[in-house]
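The structure under discussion appears below in the form of structure tokens.
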2 protein chains.
Amino acid sequence: MAPQARSGSRTRIPLNRERVLRAAVKLADEGGIESVTMRRLAEELGAEAMSLYYHVANKDDLLDGIADAVAMEINRAADRAGAPSGGASWKAAMRRRILAARQVLLRHPWAPGLFETRTTTSPAIIGHFDALVGLMRDGGFSHDLAHHALHALGSRALGFSQELFDPGDGAAPSDAAVAEMASQFPHLAAMLTEIAHDDPESTLGWCDDQTEFEFGLDLILDGLDDMRRQP
Amino acid sequence: MAPQARSGSRTRIPLNRERVLRAAVKLADEGGIESVTMRRLAEELGAEAMSLYYHVANKDDLLDGIADAVAMEINRAADRAGAPSGGASWKAAMRRRILAARQVLLRHPWAPGLFETRTTTSPAIIGHFDALVGLMRDGGFSHDLAHHALHALGSRALGFSQELFDPGDGAAPSDAAVAEMASQFPHLAAMLTEIAHDDPESTLGWCDDQTEFEFGLDLILDGLDDMRRQP
DNA sequence: ACCTGAACACCGTTCAAGT
DNA sequence: ACCTGAACACCGTTCAAGT
């Protein structure tokens, strides 16, 4: 007899690590990582907070598990995007891989912040970096240059934008706001007026995150390409 | 009569925002940002947690205050380092300014993480970015290129390393560890063996953070320099 | 094997009350 | 004007106890 034999009764789906982690990711997607508390997560699963400790050592282990789940999602997406490279095509392959990783992060905007608090790096992330080194080696990189490249890319290799200050945050500034700004920050004010003037259409969110990410990424990849050819 | 007239008594230094923020920074320096709680901060100041609310609206305001204090420290250090630029020297001036900012962060390793949680950017940080745009303009940058440059630098403009995964974490790996790693991460393992072999002296912390930061920074600055000259 | 209730130590914060 | 005690809602976590 299967465990849910009692016919009419509302059969409880038993918890397991998989279900717990999945629910935690869902909770984070909906309300940010700070909304993931043991008590709220348990409620989401129709259980008590203390039940979670049977499937997860503690909250830190839970967060490690979430981070790992996203890491695997990143790695899978990047692997799907990664075509065989070789020679000059190393750059295109690397670009695709990194932009694919970025797509995953856009679905989990809380993930970068979580990754930074984890002390151990997920194997899936290490696998991602291993693949990047492989692409660079195919492209003729020395191990030394590949090593510098990983450091130079930093978390950008995972698709992180890591911009603390958005020089064009949200809506294009009103003329009045720019005028007030000009006294304290003349150069930024001048920059904003000119850029806003050149592109008057985009009154909202006129800094395209994707464009800026690709600009920075290409700047680094192009620089590395030069170094690769004249070691 | 001054308030501390009562001669023999242990005169209490009154709290104020300045003192509260300074104590909070000290607490963070000693035990990380998570050790800054209202109760512990009050204890450090010889007061009760509730007293803090007279000088700080709430914890978020406290954290904003700490972030602002570090931001001003960064800005001051960067201003001190910033010599007049002009022409080709824009790069050296920018480099000095950013490396000076980095020195401050090394004293407050919790600051990058804190900055990322703040919703509003400190005026001191905006001032720092304004100065960077000024340097680039002196070097002949268009406003458009300067704008892209700010995005490309991202938090690196403040000296952040933002590396989630250190490809040579801590001690140089033992031969046994590399061998075990090789099956799952062949490219990284090969890279590690070669680099460790080339530099057998540095058995501990053989990735020099400062060197790697400067490598990445120069990669970006050099790329921007090319763009500046052929717009 | 899996789940829970009661309890503990620790948070941020409010509010009425003290000097 | 500045500080505090008591209290509340919320954490993570332990431990003995239930099925």
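We name chains A, B, ... by the order of the sequence lines, and we start the count at 1 in each one. What you are looking at is a predicted structure, and each value in this text was computed from that prediction instead of being measured.
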Taking only the side-chain nitrogens and oxygens of A:R40, find out if one of them lies under 4.0 Å from OP1 or OP2 of D:dC10.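 Indeed not, no polar side-chain atom of A:R40 lies that close.
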
Consider only side-chain N and O atoms of [X] and [Y], and report whether a donor and an acceptor are under 3.5 Å apart.
X: A:N75; Y: A:R97; value: yes
X: A:N16; Y: A:H55; value: no
X: A:R156; Y: B:Q162; value: no

Using whole Å, report how far [atom1] of [X] lies from [atom2] of [N].
X: B:H55; N: D:dT4; atom1: NE2; atom2: C1'; answer: 13 Å
X: A:Y53; N: C:dT4; atom1: OH; atom2: C1'; answer: 14 Å
X: A:E34; N: D:dC11; atom1: CD; atom2: P; answer: 11 Å
X: B:D61; N: C:dG12; atom1: CG; atom2: P; answer: 14 Å
X: B:N58; N: C:dC11; atom1: CG; atom2: C1'; answer: 14 Å
X: A:L41; N: D:dT13; atom1: CG; atom2: P; answer: 13 Å
X: A:L52; N: D:dT14; atom1: CG; atom2: P; answer: 13 Å
X: B:K59; N: C:dT14; atom1: NZ; atom2: C1'; answer: 17 Å

Tell me whether the guanidinium CZ or amine NZ of A:R102 lies under 6.0 angstrom from the six-membered ring centre of A:F160 and within 45° of its axis.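 Verdict for A:F160: no cation-pi partner in A:R102.
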
Across the strands shown, which category fits B:T37 at heavy-atom distances under 4.0 angstrom: base, sugar-phosphate, nothing?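 B:T37: backbone/sugar contact only, no base atoms under 4.0 Å.
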
Categorize A:M38 for me: base, sugar-phosphate, or nothing, with a 4.0 angstrom heavy-atom threshold over every strand shown.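 A:M38: backbone/sugar contact only, no base atoms under 4.0 Å.
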
Identified pairing partner of D:dG18, criterion: Watson-Crick or G-U wobble below 3.5 Å: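 C:dC2 is the nucleotide pairing with D:dG18.
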
Pair assignment for C:dT13, Watson-Crick or G-U wobble, requiring both distances under 3.5 Å: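 Here C:dT13 is engaged in a pair, and the nucleotide opposite it is D:dA7.
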
Thinking salt bridges, do B:R95 and B:D218 make one under a 4.0 Å N-O criterion?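 B:D218 and B:R95: salt-bridged.
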
Closest to side chain of [X], choosing from [options]:
X: A:M50; options: C:dT13, C:dA7, C:dC3; result: C:dA7
X: B:P14; options: D:dT4, D:dG12, D:dC3; result: D:dC3
X: B:R39; options: D:dA7, D:dT4, D:dG12; result: D:dA7

Look for any protein N or O under 3.5 Å of an N or O in nucleotides 16-18 of chain C and output each such pair with its distance, or none.
none

Is a donor on one side and an acceptor on the other found under 3.5 Å between the side chain of B:R96 and the backbone of B:A81?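 The answer is yes, because a donor-acceptor pair under 3.5 Å joins these two groups.
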
For ring-ring contact (aromatic ring centres under 6.0 Å, His included), just list the numbers for B:H143 and B:H147, CA-CA rounded to whole Å, side-chain angles, deciding distance to a tenth of an Å, and then say yes or no. CA-CA 6 Å; B:H143 275 130; B:H147 178 235; over 10 Å; no

Please tell me which of A:Y54 and A:E48 maps to the more 5' nucleotide of DNA chain C, matching each residue to the nucleotide holding its nearest heavy atom.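 In this pair, the answer is A:Y54.
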
